[in-house]
Number of protein chains: 2
Amino acid sequence: MDKDLVFKALADPTRRLMLDEFSECKEQTLYELTARLIMRHNVSISRQALAKHVDVLEKAGLISSEKRGKYRMLVFNNEPLRTVMDRWIK
Amino acid sequence: MDKDLVFKALADPTRRLMLDEFSECKEQTLYELTARLIMRHNVSISRQALAKHVDVLEKAGLISSEKRGKYRMLVFNNEPLRTVMDRWIK
DNA sequence: TTGACGCGCAACTCCATGGTTGCGTATTGT
DNA sequence: ACAATACGCAACCATGGAGTTGCGCGTCAA
């Protein structure tokens, strides 16, 4: 696990909103996630921009993705968040 | 406490090294901190660049500073780190 | 088969930010 | 008084990253 990638992923407010959605529903398609962000958080953003954020979160190990036919299923994993703060909080 | 500022502060690897030093020694002058980073972590960086990082950390509430004559004393505060991860780790 | 839809990819723009350089200020020791 | 030093400030440059646009591909229902 690359801690640098985790902190980079957390640096963006849109990605933190995405994590908020995932902490309520651990499995979502990219389509569902986009719809939720637009409707519940008034996020005005294109699908492609969201897809980029998904890539960043995936490289950080915070989500994993799986192709299911037409849809792309995203699964949340908060384990990196648990381990990344160890060095300062004792 | 502005969580956005905290995550921004954590996004940079140099600032995370600074926090590493602070978690070992909670009070340091800016001069001491600069010397430690250069010697113990082989960080090649100017004093001004460090001062900018200090400003970012201070705005995030992660350190507080106090002028003591010629020196600027910096004091670590990890409380924002404890509260900022709540929403995803339950 | 054909159209709609969810998605991937690449090029482009724009701006925040890390870093440097140069100069000025205040404090301290001799 | 004067030199050394720890620091603040402002301008500048270069890079990375967020966002958009346009196009094409694969899947599914009619």
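Protein chains get the first letters and strands the later ones, always in sequence-line order, with residue 1 at the start of each. Just so it is clear, the model here is predicted, and its values are computed rather than measured. Computed over heavy atoms, backbone and side chain alike; hydrogens, waters and symmetry mates excluded.
Atom pair A:Tyr31:OH and C:dG8:C1' shows a separation of 18 Å (rounding to whole Å applied). Distance, B:Gln28 CD to D:dC7 P: 12 Å, rounded to whole Å. With rounding to whole Å, B:Ile45 atom CD1 is found 8 Å from C:dG18 atom C1'. One interatomic measurement links the two molecules: CZ of B:Arg72 to C1' of D:dG8, which rounds to 9 Å at whole-angstrom precision. In this entry the distance linking CZ of B:Phe7 with C1' of D:dG17 reads 19 Å, nearest Å. At whole-Å resolution of the value, CD in A:Gln48 and P in D:dG22 are 11 Å apart. Residue A:Glu66 contributes atom CD, which lies 15 Å from atom P of D:dT27 at whole-angstrom precision. Summarising the geometry, the separation between CG on A:Leu33 and P on C:dC7 is reported as 10 Å, rounded to the nearest angstrom.
Interatomic distance, A:Arg68 CZ to A:Leu74 CG, rounded to the nearest 0.5 Å: 10.0 Å.
No single ILVMFWY cluster, assembled from side-chain heavy atoms under 4.5 Å apart, contains both B:Met39 and B:Met18. Placement of A:Met1 and A:Val75 in two distinct hydrophobic clusters is found when ILVMFWY residues are connected by side-chain heavy-atom separations under 4.5 Å, directly or transitively. Residues B:Phe76 and B:Met73 do not share a hydrophobic cluster, clusters being chains of Ile/Leu/Val/Met/Phe/Trp/Tyr side chains in contact below 4.5 Å.
Applying the 4.0 Å criterion to OP1 and OP2 of C:dG19, one finds that B:Ser46 has every side-chain N and O outside that range.
Between A:Arg16 and B:Asp4 there is a salt bridge, since at least one side-chain N of the basic residue sits less than 4.0 Å from a carboxylate O of the acidic one.
Relative to the side chain of B:Thr14, the nucleotides C:dT20, D:dT21, C:dG19 differ in distance, and C:dG19 lies closest. Minimum atom distance to the side chain of B:His53 is reached by C:dG18, of the listed D:dG26, C:dG18, D:dG8. The side chain of A:Lys70 has D:dC28 as its nearest neighbour among D:dC28, C:dG18, C:dC7. Comparing D:dA18, D:dG8, C:dC7 by their nearest atom to the side chain of A:Thr29 picks out C:dC7. When the nucleotides D:dA18, D:dA6, C:dC7 are ranked by their closest atom to the side chain of A:Asp12, D:dA18 comes out on top.
One N or O donor and one acceptor, one from the side chain of A:Lys52 and one from the base of D:dG19, sit under 3.5 Å apart. One N or O donor and one acceptor, one from the side chain of A:Arg47 and one from the base of C:dG8, sit under 3.5 Å apart.
In this structure, B:Arg68 reaches neither bases nor backbone, as no heavy-atom distance under 4.0 Å exists between it and the strands shown. Across all strands shown, A:Lys8 has heavy atoms under 4.0 Å from sugar-phosphate atoms exclusively, and none from any base.
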